[in-house]
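To keep things clear, I will list the structure first and then write my remarks on it.
Below, chains carry the letters A, B, ... as their sequence lines are ordered, and counting in each starts from 1.
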Amino acid sequence: MHPAPSVILFSTLSGAGFGLLAFLGFGLPAVTGWAAFGYFTLAYLLAVGGLIASTFHLGHPERAMKAFKQWRSSWLSREGICAVAALIVMAIYGAGLVFFDMRIGLLGIIGAILSFGTVFTTSMIYAQIKTVPRWNNTTTPAMFLSLCIAGGALLAGEVKFAVPLLILAAAAQIGHWLFGDRALADSGTTLATATGLGARGEVRAFEPPHTGTNYLLNEFVYVIGRKHALKLRIIALVLMIVVPLVLVLLGQSFIFVALAATSHLVGVFTARWLFFAQAEHVVGLYYGKR
Amino acid sequence: MTTLPTSTDRKLGLVIDLDTCVGCHACVISCKGWNTENYGAPLSDQDPYGANPTGTFLNRVHSYEIQPEAAPAQLIHFPKSCLHCEDAPCVTVCPTGASYKRVEDGIVLVNESDCIGCGLCAWACPYGAREMDAEEKVMKKCTLCVDRIYNENLPEEDREPACVRTCPAGARHFGDFADPNSNVSQLTAQRGGMDLMPEMGTKPVNKYLPPRPKDQSLKEEVDILAPFLEPITEAPKGFLGWLDKALDAMPGGPKGGSN
């Protein structure tokens with residue numbers, strides 16, 4: 001799949017932003033006044049910044065409001081509704097903390113659930129896509145959610161939560177990679193089933209429909225990243241898990257946690273780039289590719 | 001609403017005969033022509049006369065080689081367009097309701113003025129039937145020529161999809177699959193019409209007729225009288241025959257010296 005920078009930026013930044021909002025919703029850390037203002041500003045910059053970035057890949061961003069209609073069937077629609085609901089609830093909750101020194105616990109918990117819900121609905125946009133076997137399994141939401149929670153813990157400076165959550169996120173990410181590497185073969189979809197001609201002999205793509213490229217090949221048959229996949233996986237894992245773990249175990253002052261969170265986000269960005277670049281869409285089979 | 005109808009009154013679709021298709025791409029051209037000049041955003045081209053021309057097509061013809069175990073290889077031309085699936089995954093993912101499946105005839109359509117160009121429907125389609133137009137930034141797909149098949153301004157013989165109307169080999173058939181007596185239902189029954197990627201659970205309406213069986217063995221005698229014909233010698237005659245013998249007799253040849 002084509003790794004659109006706007007979508008990768010969205011899932012990285014919003015994932016961490018909603019993770020931080022969830023922690024704030026649970027009262028971790030229990031901040032009020034200016035401190036709360038700082039945390040909420042960071043969370044909203046990440047979450048809203050990511051959401052704005054995501055509209056850049058739309059052909060007609062001016063029609064984005066129409067996307068809230070089809071929540072009955074569409075995970076993308078559900079994501080939009082969940083995100084807006086989370087942002088509104090957390091804004092009221094945050095205003096209470098910042099301006100009135102008042103924590104409305106129930107509102108915080110609802111906001112936290114909606115924040116996790118937003119990341120879950122994002123992950124389901126990918127997990128529902130049957131045509132991309134690498135995404136079409138439970139390791140996708142597990143990976144998105146565990147990274148969201150771990151990133152939130154880091155940004156919230158909750159080191160005692162961050163350490164185990166980072167280890168959990170590493171396991172979920174590695175699980176997604178290992179499962180994903182076999183997914184296309186395990187799906188049973190081949191050029192033989194794609195053409196229905198498999199029973200007659202070995203099917204080979206002889207001639208593509210056009211000599212040049214097209215939308216389908218650009219969007220779904222992105223092969224550039226695959227050569228360096230292993231190296232990029234190691235880089236991603238080191239930046240998003242190992243470096244932050246070492247940093248927060250070395251010291252828990254602001255600078256250590258800030259560096260840990262930055263490294264984590266760069267690592268997640270790398271992993272999300274691979275999430276797209278490595279994903280094989282079955283339409284590639286029609287072109288004799290994967 | 002992008003939830004799918006539980007059933008449709010009619011199931012309009014195509015039968016594509018892989019035995020008959022000659023791979024002329026006339027359907028590709030007529031489709032592009034009709035759908036550029038008529039309903040909806042035109043199918044644009046980018047850099048059409050330059051080094052890297054690309055463009056939007058609703059129908060593309062692939063060619064595949066089948067190599068049976070003990071028979072000559074076969075070339076199959078394979079037109080591919082929207083299959084108007086009963087369980088269309090492209091429709092349910094649409095966040096705006098721009099994509100929908102019609103209850104009256106089962107055609108899957110895009111309301112272009114509602115399309116935000118997110119591309120998710122193209123991701124969901126296993127067949128590559130949807131393409132985002134690079135100029136208009138909306139999703140384009142086969143409409144089954146909805147502006148032809150009901151168009152009373154056209155002569156009756158033209159009220160079928162442009163690809164079907166133009167096919168010089170008669171490899172494309174249009175009709176109602178809900179009617180067991182329709183031309184398409186009968187063809188499907190007689191020739192073993194098949195689904196593409198049935199494991200995807202999309203329940204395509206369009207069916208593909210597999211190529212008819214060809215001669216299966218390379219060694220099998222084609223003509224029962226052939227063995228009685230005088231054998232034709234394959235050894236060269238005249239000057240070439242002499243040269244062949246002379247070269248064979250030289251050292252290094254099959255009858256030549258010991259090296």
Side-chain angles (χ1 to χ4, degrees), chain A residues 1 55 57-64 66-80 125 128-132 187-189 191 193-216 218-220 281-288, chain B residues 1-4 18 25 28 52-57 60-69 71 73-76 78 80 89 91-98 114-120 122-128 131-132 134 136-138 194-201 208 210-211:
Chain A
M1 303 291 288
T55 62
H57 93 286
L58 297 181
H60 284 276
E62 78 281 6
R63 299 177 188 161
K66 290 176 190 267
F68 295 106
K69 285 197 308 204
Q70 300 299 328
W71 52 271
R72 282 187 187 82
S73 71
S74 168
W75 281 105
L76 180 52
S77 197
R78 289 170 196 164
E79 181 203 34
I125 293 173
Q128 69 169 336
I129 299 282
K130 251 188 177 173
T131 52
V132 184
S187 76
T189 298
L191 183 54
T193 67
T195 57
L197 299 169
R200 287 148 196 280
E202 183 78 24
V203 187
R204 186 173 72 92
F206 184 78
E207 196 177 33
H210 294 79
T211 50
T213 186
N214 63 33
Y215 167 77
L216 301 170
N218 294 338
E219 185 75 7
F220 302 123
H281 192 291
V282 295
V283 78
L285 296 169
Y286 283 108
Y287 289 84
Chain B
M1 190 50 73
T2 52
T3 42
L4 289 162
L18 298 178
H25 292 238
V28 178
N52 291 305
T54 57
T56 311
F57 287 80
R60 294 181 185 262
V61 179
H62 296 253
S63 296
Y64 297 106
E65 180 198 74
I66 311 179
Q67 180 62 66
E69 238 168 67
Q74 260 182 281
L75 189 58
I76 307 294
F78 198 97
K80 189 162 57 62
V91 170
T92 51
V93 297
C94 178
T96 69
D114 273 356
C115 175
I116 59 172
C118 68
L120 197 53
W123 289 17
C125 172
Y127 309 109
E131 299 190 13
M132 180 100 77
E136 295 283 337
K137 311 277 187 204
V138 292
M194 59 186 183
D195 290 346
L196 306 186
M197 286 191 199
E199 71 277 11
M200 284 282 159
Y208 282 75

- Does atom CZ of Phe68(A) have more than 12 heavy-atom neighbours, drawn from other residues, nucleotides or ligands, at distances under 6.0 Å? yes
- Query: Using a cut-off of under 4.5 Å for heavy-atom pairs, which of Gly188(A), Ala194(A), Gly212(A) has the most such pairs with chain B?
  - Reply: Ala194(A)
- If every non-hydrogen atom of Lys137(B) is compared with every non-hydrogen atom of His60(A), which pair is closest and at what distance? O-CD2, 3.1 Å
- Query: Taking Ser63(B) for the side chain and Phe206(A) for the main chain, is one N or O donor matched with an acceptor at less than 3.5 Å?
  - Reply: no
- Interface residue of largest heavy-atom contact number with chain B, from Thr193(A), Val283(A), Asn218(A), Ile125(A), under 4.5 Å: Thr193(A)
- Item | OG1-CG distance between Thr195(A) and Leu18(B), expressed to the nearest 0.5 angstrom | 8.5 Å
- Highest number of heavy-atom pairs under 4.5 Å with chain B: which of Glu62(A), Glu79(A), Lys66(A), Met1(A)? Lys66(A)
- Closest non-hydrogen atom pair between Cys94(B) and Ser74(A), with its separation: O-CB, 3.4 Å
- Engaged part of Pro89(B) at the chain A interface, taking heavy atoms whose separation is under 4.5 Å: neither
- Item | Side-chain (Ser73(A)) to main-chain (Thr92(B)) donor-acceptor, under 3.5 angstrom | yes
- Message: Heavy-atom cut-off 4.5 Å, strictly under: side chain, backbone, both or neither for Met194(B) against chain A?
- Response: side chain
- His57(A) versus chain B, the contacting section by heavy-atom distance below 4.5 Å: both
- Kindly assign one of parallel, tilted or perpendicular to the pair Tyr64(B) and Tyr286(A), based on the angle between their ring planes and the thresholds 30° and 60°. tilted
- Note on the structure: Residue from Val132(A), Thr189(A), Leu191(A) scoring the most non-hydrogen pairs under 4.5 Å with chain B is Thr189(A)
- Message: Please report the interatomic distance CD(Glu199(B)) to NZ(Lys130(A)), rounded to the nearest 0.5 Å.
- Response: 9.0 Å
- Item | Segment of Leu58(A) engaging chain B (4.5 angstrom heavy-atom cut-off) | both
- For chain B, which of Pro209(A), Ser77(A), Gly284(A) has the most heavy-atom pairs under 4.5 Å? Pro209(A)
- Task: Answer with side chain, backbone, both or neither: which region of Ala205(A) has an atom nearer than 4.5 Å to a non-hydrogen atom of chain B?
- Result: both
- Item | Test item: His210(A) side-chain N/O and Thr54(B) main-chain N/O as donor-acceptor pair under 3.5 Å | no
- Message: Just so I understand: if I count every heavy-atom pair under 4.5 Å between each of Pro61(A), Ala199(A), Gly196(A) and chain B, which residue has the most?
- Response: Gly196(A)
- Where the side chain of Arg200(A) meets the backbone of Pro211(B), is there a donor-acceptor pair that is under 3.5 Å apart? yes
- Does some side-chain heavy atom of Cys118(B) sit less than 4.5 Å from a side-chain heavy atom of Leu76(A)? yes
- Separation between CD of Glu65(B) and CD of Glu207(A), rounded to the nearest 0.5 Å: 12.0 Å
- Item | Option that, when pairs with chain A are counted at under 4.5 Å, heavy atom only, ranks first among Ala73(B), Gly55(B), Cys115(B) | Cys115(B)
- Item | Max heavy-atom pair count under 4.5 Å with chain A, selected residue of His62(B), Glu69(B), Lys80(B) | His62(B)
- Using the side chain to side chain contact (heavy atoms under 4.5 Å, CB included) rule, take Ile116(B) and Thr55(A) through it: C-alpha gap first, then chi angles, then the decisive distance, then the call. CA-CA 10 Å; Ile116(B) 59 172; Thr55(A) 62; over 6 Å; no
- Item | Straight-line distance of Ile76(B) CD1 to Arg204(A) CZ, nearest 0.5 Å | 13.5 Å
- For Ala122(B) and Tyr215(A), work out which heavy atoms get closest and say how close. CB-OH, 3.6 Å
- Note on the structure: Under 4.5 Å to a heavy atom of chain A? For Phe78(B) that would be side chain
- Quick one: which of Asp114(B), Val138(B), Thr96(B) gives a side chain to side chain contact (heavy atoms under 4.5 Å, CB included) with Arg63(A)? Val138(B)
- Message: If you compare all heavy atoms of Thr131(A) against all heavy atoms of Cys125(B), which two are closest, and at what distance to 0.1 Å?
- Response: CG2-C, 3.7 Å
- Note on the structure: Rounded to the nearest 0.5 angstrom, the CD-CG distance for Glu131(B) and Leu216(A) is 4.5 Å
- Euclidean distance, Leu197(A) CG relative to Gln74(B) CD, rounded to 0.5 Å: 9.0 Å
- Task: Give a yes or no on whether Gln67(B) atom CD has more than 12 heavy-atom contacts from other residues, nucleotides or ligands under 6.0 Å away.
- Result: yes
